[in-house]
Amino acid sequence: QVQVVESGGGLVQAGGSLSLSCVASGTIFLVDNMGWYRQTPGKEREFVATISPGGRTDYADSVKGRFTISRDDTSKAEFLRLNSLKPEDTAVYYCTMSIRTKSYWGQGTQVTVSS
């Protein structure tokens, strides 16, 4: 029923920027918290950022000051702006949304930062 599709990944040089988008479709009236996670091969998925319906944000220490999360409740979308990228930011990024007490995930988008 509910589908979450993300896009915007790619290859960038260290110090560059990238923007990720995530849009939910289906019978959706309200979206609670929205967020982003990332995962690299051989490692566990880690928290990146989250945003509440009221706009309160929270970031992992590793990305604070460089990444910005935002949301658009009319279009049921969330976004992540990645600035001052570092090679260690390389990962598959996943968006997530809380809808009707359940968590839904995007398919993932690859972000690769070259040295």
Side-chain angles (χ1 to χ4, degrees):
Q1 177 61 271
V2 176
Q3 291 187 323
V4 179
V5 180
E6 58 185 284
S7 61
L11 174 64
V12 298
Q13 293 183 318
S17 299
L18 204 61
S19 295
L20 307 182
S21 299
C22 188
V23 182
S25 63
T27 306
I28 305 169
F29 293 94
L30 294 173
V31 179
D32 199 355
N33 291 334
M34 300 183 183
W36 292 89
Y37 286 71
R38 65 187 182 186
Q39 187 169 30
T40 57
K43 294 186 176 182
E44 295 183 347
R45 189 170 298 182
E46 67 173 343
F47 166 79
V48 174
T50 188
I51 183 168
S52 74
R56 181 181 183 277
T57 59
D58 188 30
Y59 297 91
D61 289 341
S62 59
V63 307
K64 192 171 298 182
R66 299 188 298 119
F67 293 7
T68 302
I69 186 173
S70 59
R71 64 189 288 161
D72 182 343
D73 285 284
T74 299
S75 58
K76 302 296 186 292
E78 65 174 302
F79 312 91
L80 186 69
R81 177 66 177 176
L82 303 78
N83 293 323
S84 302
L85 283 162
K86 306 174 181 179
E88 50 263 44
D89 293 319
T90 295
V92 176
Y93 284 70
Y94 297 89
C95 63
T96 184
M97 299 186 186
S98 295
I99 304 170
R100 297 192 295 272
T101 75
K102 295 183 178 180
S103 295
Y104 295 86
W105 295 83
Q107 81 282 5
T109 185
Q110 177 72 47
V111 172
T112 302
V113 184
S114 62
S115 300

Would you check if the distance from the ring center of Tyr37 to the ring center of Phe47 is below 6.0 Å? yes
So, does Glu78 use its side chain to make a donor-acceptor pair with the main chain of Gly35 at under 3.5 Å? yes
pair Lys76-Arg71: side-chain heavy atoms closer than 4.5 Å: no
Ser52 OG to Asp58 CG distance, which is reported to the nearest 0.5 Å: 10.0 Å
Residue pair Ser103 / Thr96: nearest heavy atoms and the distance that separates them: CB-OG1, 4.2 Å
Under the side chain to side chain contact (heavy atoms under 4.5 Å, CB included) rule, collect the residues that match up with Ser19, sequence neighbours excluded. Arg81
Do any N or O atoms from the side chain of Tyr59 and from the backbone of Ile69 form a donor-acceptor pair under 3.5 angstrom? yes
Considering only heavy atoms from C-beta outward, does the side chain of Tyr93 approach that of Leu80 to under 4.5 Å? yes
Nearest heavy-atom approach of Ser75 to Val23 is O-CG1, 3.8 Å
Evaluate Leu20 against Val111 for side chain to side chain contact (heavy atoms under 4.5 Å, CB included), listing each step before the verdict. CA-CA 9 Å; Leu20 307 182; Val111 172; 4.1 Å; yes
Less than 4.5 Å apart, any side-chain heavy atom of Phe67 and any of Val48? yes
How long is the span from the NZ atom in Lys86 to the OG atom in Ser115, to the nearest 0.5 Å? 13.0 Å
Exactly one of Val31, Ile99, Thr27 should register a side chain to side chain contact (heavy atoms under 4.5 Å, CB included) with Val2. Which one does? Ile99
Below 4.5 Å, heavy atoms only, C-beta onward: do Tyr94 and Thr109 meet side chain to side chain? no
Please test Ile51 against Arg56 for side chain to side chain contact (heavy atoms under 4.5 Å, CB included), starting from the C-alpha separation and ending with a verdict. CA-CA 5 Å; Ile51 183 168; Arg56 181 181 183 277; over 6 Å; no
If you measure from the Lys or Arg side-chain nitrogens to the Asp or Glu carboxylate oxygens, is any gap between Lys64 and Asp61 under 4.0 Å? yes
Tell me, with the steps shown, if Thr68 and Phe79 meet side chain to side chain contact (heavy atoms under 4.5 Å, CB included). CA-CA 8 Å; Thr68 302; Phe79 312 91; over 6 Å; no
What's the spacing between Arg66 CZ and Ser84 OG if we round to 0.5 Å? 7.0 Å
What I'd like to find out is whether the side chain of Trp36 reaches to under 4.5 Å of the side chain of Thr50, using heavy atoms alone. no
Looking only at heavy atoms, the pair that brings Arg38 and Ala91 closest together is CB-CB, 3.8 Å
Which atom of Leu18 lies closest to which atom of Gly10, heavy atoms considered: CD2-N, 3.8 Å
Is the closest side-chain heavy-atom distance between Leu85 and Val12 below 4.5 Å? yes
Any side-chain heavy-atom pair from Met34 and Ser98 closer than 4.5 angstrom? no
Which pairs pass side-chain hydrogen bond (donor to acceptor under 3.5 Å, both in side chains) with one or both residues in residues 5-17, sequence neighbours excluded? Ser17-Asn83
Side-chain donor-acceptor pair present, Glu88, Thr90, cut-off under 3.5 Å: no
Do Glu46 and Gln39 come close enough that some side-chain heavy atom pair is under 4.5 Å? no
